[in-house]
Amino acid sequence: SGGDDVAQLPEHYVPYVEAKDLVVKRLQPLEKLREFNKEDGAQIDALLKRYAARPGGVGYLPMRGKVHDLTVVVARDSADVLETLAFNPW
């Protein structure tokens, strides 16, 4: 209706610690990035190798940006953000 989006309304923000269970529930497998980044196969392979031995595993969430969307890699056991990458997450 022409008003602010939720991102501009901090009264709707919650501490990350309160959202960790939801974050873990919504994680996508890293392998899924191949579908959206066919030209980046070698980098996807390197990413998978980097986190292959991580206890608990990892996943990713898409992050919407003004110019480019990004991929956020998150630990499944703790919901800690491990890195943000310039892969197309959709």
Side-chain angles (χ1 to χ4, degrees):
S1 65
D4 288 336
D5 290 337
V6 172
Q8 284 77 42
L9 300 170
E11 63 268 21
H12 296 290
Y13 293 3
V14 298
Y16 184 70
V17 71
E18 292 179 20
K20 283 187 171 189
D21 290 339
L22 181 59
V23 167
V24 171
K25 182 178 176 182
R26 293 190 175 177
L27 288 177
Q28 300 293 314
L30 291 180
E31 293 83 7
K32 190 173 181 179
L33 290 171
R34 289 185 190 283
E35 295 174 36
F36 313 118
N37 300 277
K38 294 185 189 312
E39 68 284 351
D40 296 317
Q43 289 109 335
I44 301 291
D45 289 342
L47 177 67
L48 292 168
K49 185 177 179 180
R50 186 162 56 244
Y51 291 110
R54 183 168 177 90
V58 300
Y60 82 91
L61 288 174
M63 181 168 69
R64 175 89 52 205
K66 281 188 172 190
V67 177
H68 300 284
D69 297 335
L70 300 170
T71 295
V72 181
V73 179
V74 179
R76 287 190 180 277
D77 59 351
S78 64
D80 290 340
V81 173
L82 302 174
E83 62 181 306
T84 303
L85 303 167
F87 292 125
N88 181 10
W90 321 97

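Residues take their numbers from the sequence shown, with the count starting at 1. Values below: every heavy atom of this structure, side chains too, minus hydrogens, waters and symmetry copies.
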Would you tabulate the side-chain donor-acceptor contacts of residues 45-65 under 3.5 Å, counting partners in other chains and residues two or more places apart, or write 'none'?
unit_1	atom_1	unit_2	atom_2	d
D45	OD1	R34	NH1	3.0
D45	OD1	R34	NH2	2.4
R50	NE	E83	OE2	3.2
R50	NH2	E83	OE2	3.2
Y51	OH	E83	OE2	2.5
Y60	OH	P89	O	3.3
R64	NH1	D69	OD2	3.0

In this structure, OG1 of T71 is separated from CH2 of W90 (nearest 0.5 Å) by 9.0 Å
Kindly compute the distance separating CG (L85) from CG (L33), expressed to the nearest 0.5 Å. 8.5 Å
Using a 3.5 Å cut-off and no angle test, enumerate the donor-acceptor pairs between side-chain atoms of residues 9-23 and protein atoms at least two apart in sequence or in another chain.
unit_1	atom_1	unit_2	atom_2	d
Y13	OH	A7	O	2.5
Y16	OH	A79	O	2.5
K20	NZ	S78	O	3.4

Minimal heavy-atom distance between E35 and K38, with the atoms involved, is O-NZ, 3.6 Å
Looking at N88, is its backbone amide N or carbonyl O close enough to the side chain of N37 to form a donor-acceptor pair, meaning the two atoms are under 3.5 Å apart? yes
I need the single residue from R26, E31, K32 that forms a side chain to side chain contact (heavy atoms under 4.5 Å, CB included) with Q28. Which is it? K32
Tell me whether I44 is reachable from L82 by hopping between hydrophobic residues (I, L, V, M, F, W, Y) whose side-chain heavy atoms are closer than 4.5 Å. yes
